Structures are given as C-alpha cells and as structure tokens.
Amino acid sequence: MRKDYNLEKRKYVIGGFIFVIVLIYIFRLVDLQILETKYKDSAESNAFLRKAIYPSRGIIYDRDGRLVVYNQPSYDIMLIPKDVQPFDTLDLCRTLGITKEALLERFADMRRKVGYSKYSPQTLMTHLAPEEYGRLQEKLYRFPGFYVQKRILRAYNYDVAGNVLGNIREVSQSDMEKDPYYTRGDYTGDLGVEKSYEKFLRGAKGVEVLMRDAHGKIQGRYEDGALDRPSIPGKDLTLSLDIELQQYAESLMVNKIGAVVAIEPATGEILCLVSSPTYKPSTMVGRQRGKSYAALIKDPYKPLFDRAIQGTYPPGSTFKPSQGLIFLQEGIIDLNTQYPCHHGYINGGLRVGCHAHGSPLPLLPALQTSCNAFFCWGFKNMIDKRSQFGSSAKAFEVWKTHLVELGYGYKLGVDLPNESRGFIPNAKFYNKVYGEDHWSGNTIISVSIGQGEILATPLQIANFCATIANRGYYITPHVVKSIKDTVYTDSTIVKHIPDIDRRHFEAVAEGMRMAVTGGTCRRAALPDIEVCGKTGTAQNPHGKDHSAFMGFAPYHDPKIAVCVYVENGGWGATYGVPIGSLVMEKYLKRTISPDRKPMEESMINSNSIIYSGVKKH
Amino acid sequence: MESKNTNPLRYIDWFTVALVLVLVCTGAVCIYAASYDFDHANIFSFEEFSGKQFLWIGLASVLGLTLLLIDPRFYETYAFPIYIAMLGLLVLTIFIAPNIKGSHSWIVLGPVSLQPAEFSKCATALALAKLFSAYNFTLSASRKNYVKALTIILLPVLLIFAQNETGSALIYFSLFFVLYREGMSGLVLLAALGAVVFFVVALKFAEPAMFTGVTQGQVAVFVMLMIIMVAMLAIYCKHMEGARNVLLWYAGTAVTALVLHYCGVTVNGMLYFIGVLAVACIYTLFLAFRGPVKKLIITAAAVVTGIVFLFSVNYVFENVLQPHQKQRILVSLGIEEDLKAAGYNVNQSKIAIGSGGLAGKGFLNGTQTKLKFVPEQHTDFIFCTIGEEYGLIGSATVLLLFLTLILRIISIAERQPSTFGRVYAYCVASYLILHLCINVGMVIGLCPVIGIPLPFFSYGGSSLWGFTILIFILLSIDARRREHPSS
C-alpha cells in the first residue's frame, strides 16, 4: 500500500487543533471558576432564600406598670416579581376584597417605588387583618411567587402621649443607607421613644435560610437550619410617665395651644409631657397612618410639633427666680437689699412697667408680687458693676454661665428626638447688635424679666423649677425609667449642680411659697399641701400674652415640679396657675378636692385657641 | 503475523477502553447528581435517569463485546449496504417520528426511543472509509472523487436537517477533517475558519466606524482581506514584487483618504475599501500574464469571495436563520444579554460552573444543578455538573481525558496499515472533536447553544450506543490490523 508521508504530517494539524481548543476552554474555565467571583454570589442568590423572621417589638409600660403600648399582628402580602407566574387575577381580588383596577394600581405603584427589583421581595399590600389573612393563606398555593409576611403593628391601651410614644413607620431609603440592619419593608420608630429607643425596642431579626429550585419552590431548609438564626425579641420599656396624669393633663389642655411638663425633682423622671394640640397615637397605625400623617402635617396648629421640648417661648416672670439666685450668688444683693418700684423701673429715660405693691421691697416680696422693677435694678447693678467684673460684657458672661448651669440655653439631653436648645444670648451677640462697649444693663434690661431675646422650652422651665425644688441640683430629665433585662447606663442622665449656694435656693423657694400664700398664684394653693409657684405673663408682640406657671409641691419634700405654658392664655394666673395646680393635686392626691372641681371644669371647657390667630380651614 | 490467534481481546487497545470506561462511569455519576432530588431514592433505581443510564451502560458493554467478536472485514464488505440502509431509516424517521420539541428524529419503540441520527454517524464513517479504500483512490486525483466523498457526507446531513435536528447534522461537517487528512487542500479549512471569523467580527462590531457607510466590523474584515491579499501574494504565490506594489497602493490610497477626511471631505468607507481591493484584484489578474497563473487567480478569487461573503453575512443572518438561532448566536457573541429566554440556559450554566471554584462543591452539593436551575442538565448541559461539583480540577481533568482519547485515536488511525482503518479512525476522532468543541463551548458560553450531547456523559441510550459502536468497531479493526494487512 502507498503511504503519503506528507499527508501523515497533517495529523499534527488536526491534533493541534483540538489541543488548542482544549487549552482555550481550560483558560475559559480558569476565568469562570477562579478569576470571576460574581457567579458564586449568583448561585447563592439563586438557591438560597433568606427569609427574615421578625421579632416582636418591645412593649411599653408606664411608671406604675400600666400597659400603654402593645403589639397586634398584621400581615403583608409580599411577592418576588421574578417568581410570579400567571395567576387568576380575579380570584386574588376576591380573596383580598379589592377591585381589579385597585390591584393593577398596586402593581404599578410597586414598580414605581425606588429600589424596585425583580429579584427581591416587594410589598404588594400591607396590614391585612387576620381574617383576610386567613382567607388568603388557604389559597396561597394558587399564586406562585406570593407569600405572606407577618408584621407587628402597635396598639394602645391609653390613646394619649402621641408626642412621647411616637409611632412606627416603614423604613425609607435613607434609613437603609444609614443602618444596614434595615431592609426594604422593615419598620422603624418615628418620633418619641419609638425613635429614640429604636435599638432596644426592635430586638434583632432572625433569618431562615431556605433552598428553592428554579421555579421558586421551597425545597427545604439549608443544612437542616444550621445557618438559621432565631430572632431576638425587643426589650420592654418602662416609662417614667404617669399615664393617667398624662391623660388628665391632656384633657385640661384641650382647646389650648401649649405644653405641660411635670418632673419628679429627685430623679429627673418626667411624669407628664403634654404638647397641645395633640393627636391620638392609634391614628398612626397600619394602613390609615399615611392619611393621618398627611393630615397632621397640614394641620395649621402643627400637632406633630412637640411644644413641650421643641417650642421655645419667652419664660416671662417664671425667669425671675433665676435672677434672684444669680444676684444672691454674685453678691449684687442680699436678702435685705431693697429696690424701689414706682409702678415700674424708671432709669435713664427707660421705663418698665409694674403693678401696685409696696415700695421699696427686698427679694422675697419681689418674688411674691412678681415685681419687675426689683429684677431690673438687680440686673442693671450687676451688668454695670465694673468694679467686680471689669466690663458689662464680662458681667453678662458670668450671668449667662449661671443660666446655662441652671439648664437654659442648651439642650437638656432629654431622651426624645428633636429637643430645642432655647436661647440665652452671650456678650458676643450684643456686641454684634449694638457694637462693642456700646451696651449696658439698661440696653438689654428686658432679659432680666424673661423677655427680650430669652427663649426657653417648657421642659427647661420645668427643669429649672425642679432645680429649685431640689434646692440646688437637677437630674437630666428623661421619660424612660428602665429597660427590661438591661442595666440602664445612659451616661447622659447625670446630676447637674449649678455653682449657686443651697441657701440661695432656700430663699427663692420661700419666695415662691409666699407667691402662693399671698401673692400672684394664690389660686395654686391646695388643701393640706404646701405649694410653691411662680406665675409668668410673657408679652407676645404677635397677639395676646402667653400664660405661664411653674411650681412644685410639697414645699419641704417636693414630689413634683411642673411647668404650664399656654399660648395666648393671657395672665399667668388665668391658665397657668389653675392647670399647674390641678396637675400637682392630681398627682399627689390622685383626686381633685370638691371645692376645686369648678376650677377643673372651667379649665377643661375653656378655649384659648381662638386667640392664636391661626385660621383653620 | 503468523499466529492465527482467534482471541481478538489479546490485541485490544486497552488504553482506549480504559479511557472510555472512565468517561462513561464519571458520566453516570454526574447524571445521578444532576437528576438528584431531595426525596430521591436510589442511584440504581430504573425510575431515575441514573438508573436507566446504568441499564444503557450495561447493554452498551454487551454491544461492545459483540462488536469485538465480529470480523471487521464484515464492516468493510457491507459498508455501503449498511450506509444505504441507514439512509433509508433516516428517511423513514422523518415520517414516522412523533414531534418532540419540534424535531422528528426519535423512533419510539414501546418504552424505548432511539435516534437514528446517532447511529448513521457510524454508517457514514464506514461508507467514507470504504470509498477511500478503493484501489488507487486518491481524493485529489479527480473532481469526481470529491463529489463522491461530499455526497456520502451530505446525504445524511440533508436528511437530518429535514428531521429538524440542526445540531446533529452539523456534526457531519467534522468529516472535512478526514478529507483534509486524505489530501484536500488546507485552504478549505482556512477558508472555513476565515468565514467563521468574518461572520463573528462583522456581526459583533456593528457600531458605525469613523468613515461613513461602514461599521467597525466591516472595516476590520476589509483590513483583514487587505492583509490576506498581501500575505497570499507573498507567501502563497511567492510574488514579492506584486505584494510590494499592492502594499504601496494600500498606503498611498490610505494617506489620500485620511488627508481628504481631515480636510473635511466626506470619504465613503464602503466605496473606498471596495475600490482599493478591486484595483488590487485587477492588478493581481494582470500579474497572472507573467506569474503563477493559478495561484494568482485563486488569490484574487479569495479576496472577491471574502467581499461577497461579507455582504451575505447580514443577508443570511436576517433572512435565512430562524429567530431562535439568531438569538442564540447574538447571545453567544455577547451582543445581546437575554437572561430570561435564549440566554437563560447559558447564564445559569455559567453560574453553575463559575460557582464551582477550584475544587468544586463536592458530590451532590451543587445547588445550581440539584435545584434544577440549568435546563437539560442531565443531557446537553451535563458539563455544568462537573464544573459545579468538581470545580476547575474536575472539569479540566475531563477535558484532558477527552483530549487524550482523541489524540490516542489519531495515533491509532496513523498506525493502521489499511486505508479503510485509517479513514474510519479519523472519522471517529473528527466526530469526537466537534462534539467536544460545540458541547463544552456552549456550556461555558463560547459557542451558540446547539443541542448536541457530550459523548459518553450525556444521558441517553442512543448517543451512548452510537459512540460505543463507533469506538468498538475501531477497536475491532485495530485489534486485527496485523491479520490482513492490506485490504
């Protein structure tokens, strides 16, 4: 036979061809299997469904162990769009009790949402009632790709304190960016303790790792649940609030704009924190939340604005005790120093009006009668006392420092979101306004009676009152008393001791006692309880004066310090004193004595909102 | 060979047998893994793919042994009758086969379905070997011989096309390797390779180029043609002067075109390239008066064919191919990413293989395959299972085993004293080469999805038996090669 050796060489070409191809394929495999990592993730996300297990949210009690906020189950219909197969739309509509148009609308809404993905769970409908859930559960197998996610909704035993409790809402895009704990559809606290104690209340989500096949059918737990993690329930909170006192104070504040804050002086625990007008926390639950929220946002009285900690007001005459303390501490006056009052403070062409009382008079009667002139003189003498301070600016800085020690001008650090700091100007502020060395005590005299630039929150006023009640210290006010199974080590709740001697506080307290026994707040007097108080009538350039009151009781063993602030309420004695004393009486005696019932009645029925100048449509 | 040892097993190429055995057994294990279910019973259960495959393997062993006992002269003698009988069966199949996923290629006999296309490979190989073994037959001797060889190859191709089994039909084109080995010009293979490259380049780069009237892909093809022309003139025709002149012509026109372009004159790229190449072709034909006539004419013809091919690519693509075929080509070229439909298989199969890593997830631990993300994973996409469960080490080993088997068969082919044995062995090697290239290429996303099995691995009796017959007839011929050296 003939053998062509030239042609035999062609075996190398054919062998070489397949050799090169195999080599190329092996390089491709190296690329796919070693160099490229995305396929491993894809395989995982294909095969594993990480199903979140939601823990129950911590529940909330008041200071006496009364249940305030608890959980109720609710069910969301979820779906993974990529797994959804054609289904009987009408059947689903009937089950859910909605029209086909509404269902299609929901689908369209879902697709419009930011972060919509075909591959991740999407929420179709939230907050199904248990009976709707029951109907759907039976038929769920007919709707591949759909599943039901159990959720926790809040429910309220006492439908009050919306501003303190807050509510829960679905997380936003920015929540998820800030904290990777959250995923789409999770809930988080909004406002109040729900927000500030979110990390305790929410607990920790668990996870169940399930395997699913190409049709999205669950094939069981991965490695028999070796990678599963149980959820950890949220921690229960005990508030310092007395929920019944809160309820009572809210009822007194109906149809008034303002705030009531009560503090237990020895502990800094807030007993009630009312902002008025307020809203029922139960309206902020579930499907109706969106509508309620929108209505509250539009409400001209701004119910979402927590006036107790966010509202800043001129403290008016409630500021005067602080002036007494500072003048005493700085040696400007002693208890015998008398200043004249001829129906007001008249000096250098300046006149600050006052009402009829004896003249001249020392500190205690000045507090009793709320004499403007006394504090103006004291302030002028302090600011202009160059021999002691060197300059007005330096004197003013000393004055300001004392006020800051007393809790004014900065956030107190209450455990609620969005607290305001109020405003106490410093010397630099006036240098800017009037020019350096171009101002003196008289220039800014109105700050001595809590007017002018001075602004304080009702919480700050109540806290100052608690400082006097304690005769010289305060504990950072707070609304959460304890967290279950947690040693409460909030380092921000500390004892503050202003640099003012205790005996000066004793004197001021006595002056406030005299105001009740024979001065501006006689209506605050309670049978069997020695009440101390100070009225305030803050001038309001925009309308009727604001009515303010701060007080504590009992005189020698204070259990409660309270501040009431009613916008456009007129005299301090008109609203502030009655409401403040009723709150104290309610807390200390649990009932209102019969002879004070008419006062209670008139407070509940009175209306000062009409003077607010806000037109409600 | 004096000894008349009747025991054919004595001269069996055990190395090949061992390779095939390893591949078949690994394949069965992979089929078990690919069809494994969570509440799955038994690897040997006949209810399952793996159990059935063990049945096929057992029957295949019996078949292989029987084939070894048959004197190979039988195949040589009856090669044409066998071939004609197979053609008859293929024709019959078109009419009696039920429609299974659009193809009419399965003959259903009670519980068993057989695919004649798998068996006609062997018959075609035998017929081709028989043709070449005729006394004094040389492929290049006359055009008639080419026609005969091509007829033997193309008849089954046409019939299988008619059954709508495009993938199986394409495999027969691998026999061009055999023609090449037996004397066909290498230019044909190069032209085929060039056609594939042109096709891919022209389709893949469809963005407009800097010149008007052409796409980037077309520019690339034109430039390749220009280079091929110079290369053919210089190397193939050994006409240095011509090559130099054409090169100068290119350079001159290119500079002119660029200058015009930057002067703001719009140069039509299409006209430019065609003009330049046309002038070069005319020049080449002119050279033929004084040079190697045939080679120069072939050169010019090659370039003209290239241009015509370029224009036909779009036409073929848009008008000849079916939509799903178009889609598969676009997906495999990476032009379209369609993860839902046409690209789903390939994407899932890439995920399966890519997630295997170096050493794989281990037997039965592949989530992609176990959870049925890869369709057809026990048949055409079986290579995924290897990639996912045994990683790079496993999949590269399998590829190297196939490479070894193919090279072994080529070496067996070259040691055959008879033309019949050599040609037949090359046919077997060619089939394996194309099966491996297309099947693995599609699973790792380098080829369009063409439904053909991975030999010895993919589930299915027909494919396994088809290759068993191919290999064992080869072994039988090889074992007795010394008994009747010249036939």
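Here the structure is a predicted model, which means the values were calculated and not measured. Each chain gets a letter, A, B and so on, in the order the sequences are listed, and its residues count up from 1.
A search for ring pair (Phe, Tyr, Trp, His ring centres under 6.0 Å) contacts involving B:Phe383 returns nothing, not counting sequence neighbours.
Between the side chains of B:Tyr390 and B:Ser395, no donor N or O sits under 3.5 Å from an acceptor N or O. With 3.5 Å as the limit, one finds a donor-acceptor pair spanning the side chains of A:Asp186 and A:Tyr54.
For chain A, the nearby parts of B:Leu358 are the backbone and the side chain; heavy atoms of each come within less than 4.5 Å. Heavy-atom distances place both the backbone and the side chain of B:Ile444 under 4.5 Å from chain A. In this structure, the portion of A:Ile34 lying under 4.5 Å from any heavy atom of chain B is its side chain and not its backbone. Heavy atoms of B:Leu189 lying under 4.5 Å from chain A are absent altogether. In this structure, the portions of A:Val30 lying under 4.5 Å from any heavy atom of chain B include both its backbone and its side chain. For B:Ile406, the part lying under 4.5 angstrom from a heavy atom of chain A is the side chain only. Proximity to chain A (any heavy atom under 4.5 Å) is shown, for B:Phe402, by neither the backbone nor the side chain.
Considering only heavy-atom pairs separated by less than 4.5 Å from chain B, the leading option among A:Leu23, A:Ile21, A:Leu29 is A:Leu29.
By the 30° and 60° cut-offs, the orientation of the rings of A:Phe143 relative to A:Phe146 is perpendicular. Using cut-offs of 30° and 60° for the angle between ring planes, the A:Tyr75 and A:Tyr133 rings count as parallel.
For the pair B:Arg73 and B:Phe420, the cation does not sit on the ring face, since its NZ or CZ is not both under 6.0 Å from the ring centre and inside 45° of the axis.
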